[in-house]
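All remarks here apply to the structure that follows.
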2 protein chains.
Amino acid sequence: MEYQLNFSVNNKIYIRDPESSELGKEIVRKAIELIYEVGYEHFTFKKLALEIGTTEASIYRYFKNKHLLLVYILNWYWSYLEYLVMFQLKNIGDSKQKIRKIIEILTREMPIDSGKMKYDIPYLNQIVITESSKGYLVKEIKEINQAEVFKPFKDLCNTIANIILELDSEYPYPHSLSSMLIETSHNQQFFSSHLKRLTDVKNDEDASAYVAAYLEDLVFRVLG
Amino acid sequence: MEYQLNFSVNNKIYIRDPESSELGKEIVRKAIELIYEVGYEHFTFKKLALEIGTTEASIYRYFKNKHLLLVYILNWYWSYLEYLVMFQLKNIGDSKQKIRKIIEILTREMPIDSGKMKYDIPYLNQIVITESSKGYLVKEIKEINQAEVFKPFKDLCNTIANIILELDSEYPYPHSLSSMLIETSHNQQFFSSHLKRLTDVKNDEDASAYVAAYLEDLVFRVLG
DNA sequence: CTTTTAATAATAGTATTACTATCATAAAAA
DNA sequence: TTTTTATGATAGTAATACTATTATTAAAAG
C-alpha cells in the first residue's frame, strides 16, 4: 500500500522543461521572435509550429497554452535582469550610483554582452514593454500566483527594494517604489514611442534615454 | 460630377453610436457587467448577446470588435474622470489640495453620487484597473491612435499635468508624472490586492487607501 | 545488440471564437 | 402609405485553442 499526497504542490509553468531539448529551446527562441513580430494577441501555436517546422501538438507537450509560454519568457527575462543587477552592482559601493545603474538596466535596449546571449535581448525588451502586464492582468491571477509563477518578478522587485532601503532606510514604500519603477520604465517607454503626448519627450529624443532621465530625476527627488 | 475626399479622417470607435438607442446602451451596460465578471479575455460578443437577449449580429452593428468596445468603455470612464476632476477642483484654491483631490479620485472605489449613474462605477473602476492597459498595448497602436481613440485619456493626462505645473512650474516632466500617477494608481491597486509582495501594503489594509497614501507621499516628495 | 522507452511527426477531429451575409419583420419617419 | 431604419433569426466560414491517436525514430537500458 502506498501513501500519496493528493494535492499538487506546484503546477508549474511548463509541462516539459523547454531547456531540456533542442525543440524546447527552439520553441522559446522562435516564440520570442514571433511575439515580437505579430504581438501577443496575434501569436498562435499554429503559426509558431509552422515557423519552427514542427506541429501544434508538439508545442502543447511543452506548454499548456500561449499565456504560460509568455509567462515563461517573461520569467526568463526577470531572472536575467536580476542576474544583471546583481552582477553589475557588486563593485559599486555608493548606493546612489547603484540606483543609477538599476535605472540604466531597466531602460536600456541593448545588453552589454550582446551577441552570444541565449535569447534575443532587444526583442525581449520590446516584448516586456508591450506584453509583460498581460502576464498578470488575468482573471486567473489567484491560481497562477499560487503556482509561484511570479517569483522571478517578485525577487527582482525585492532586490531593488533593498537597494532603495540602503539609500534611505526610513523610506516607507520600498517595494511599491520598486515595482513602480519597473512598471513605469515600461509604460513610459511605450508612451514616449507611441503616445508621446502622455510624456514630455522631445520629438527627436531617444525614448529610452528620455525615460532613464525621467526616472532618475524622479527617484532622487523621492529619496533625496 | 462629385469630388470626394478618399481618406477617412476618423474611423471612429463605434459603427453606430450606442448612446442613440436602448439596445446600444444595454450593450454597453451589460458589457461592463460581463467584462467585470469574466475578464476581457473570456468576454465574447456571443456571451454578451445571450446576456442581453439579442444576437451577435446586432452587437456587431454597434462595435467592430470587442477591443473597440473595451476602448469605448474606457473612454467613457476617462471622460467621466475628467469631468469629476474639473467639477471637484473648481472650488479648491490651493494647488496642493487639488493634487490630494486628484489622488483621491484616482484611487477611490465609489463615486460620490452613487446610485443614479449611467454605468456601474465600482465595476468600471475594477475594469480600468485590470483591463485599461489592454486598450493601448496592441500591435495596431499606430492606426488606432491616428483615429483619435485615445483623446479622453490624453485630455485627462493633460489636465492633471497642468495642475502639477500649478504647484511647481519648474518641474520638467509634468505629463510623464501625470500618466505615471494614473497608471501607477492602477497597477499598485492590482498589486496590493493580488500580488502584495510587490507593495508594502499591510495584510489587513484597504488596497485603495494604501495606494492613495503611497501616491500622496510620492507626489509631494517629487514636487516638494 | 536487441528491446524497451521516450520524443516527435503526421493526421484528424472538436468546440469555441470572431466574424460576414441574407432575409424577414416591426417600428418609426417621410 | 410608403420608405427607411433597426432589430431578429438563421446560416455559414475561417481561425483559434485545444485533445486524441497512431506511426516513426532515436536514445537508453538490459
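For the numbers below, each heavy atom of this structure counts, side chains included, while hydrogens, waters and symmetry mates do not. We name chains A, B, ... by the order of the sequence lines, and we start the count at 1 in each one.
Under 4.0 angstrom from either OP1 or OP2 of C:dA18 there lies no side-chain N or O belonging to B:T44. For A:T54, a side-chain nitrogen or oxygen approaches OP1 or OP2 of C:dA9 to under 4.0 Å. A:Y60 has no side-chain polar atom (N or O) that falls below the 4.0 Å cut-off from OP1 or OP2 of D:dA20. Look at A:T55 and you won't find any side-chain N or O under 4.0 angstrom from OP1 or OP2 of C:dA10. Regarding contacts with the backbone of C:dT8, a side-chain N or O of A:S21 is found under 4.0 angstrom from either OP1 or OP2.
If you take OH of A:Y62 and C1' of C:dA9, they are 13 Å apart, rounded to a whole angstrom. Remark: C1' of C:dA28 and CD of B:E22 are 16 Å apart, rounded to the nearest angstrom. The distance between atom CZ of B:R61 and atom P of D:dA9, rounded to the nearest whole Å, is 12 Å. Residue B:F43 contributes atom CZ, which lies 14 Å from atom C1' of C:dC19 at whole-angstrom precision. With rounding to whole Å, A:Y14 atom OH is found 14 Å from C:dA7 atom P. Put simply, CD on A:E56 is 16 Å from C1' on D:dT21, counting in whole angstrom units. Remark: C1' of D:dC18 and CD of B:E41 are 17 Å apart, rounded to the nearest angstrom. The separation between A:N65 atom CG and D:dT19 atom C1' is 14 Å, rounded to whole Å.
Stacking of A:K90 on the aromatic ring of A:F87 is recorded, both the 6.0 Å distance cut-off and the 45° axial limit being met. A:K66 forms no cation-pi arrangement with A:Y72, by the criterion of a distance under 6.0 Å to the ring centre and an angle within 45° of the ring axis.
Residue contacts for B:F63: at a heavy-atom cut-off of 4.0 Å it reaches no nucleic acid atom on any strand shown. The residue B:R16 sits close only to the backbone: its heavy atoms come under 4.0 Å of sugar-phosphate atoms, none of a base. If you check every strand for non-hydrogen atoms under 4.0 Å, B:F45 touches nothing.
Toward the 5' end of DNA chain D, the nearer of the two residues A:A57 and A:K46, judged by each one's closest nucleotide, is A:K46.
Side-chain atoms of B:Y62 and B:S21 form a donor-acceptor pair, as typed in the model, at a separation below 3.5 Å.
A:Y173 is not listed as a side-chain neighbour of B:T199, based on a closest heavy-atom distance of 4.5 Å or more.
Between A:E22 and A:R29 there is a salt bridge, since a side-chain N of the basic residue sits under 4.0 Å from a carboxylate O of the acidic one.
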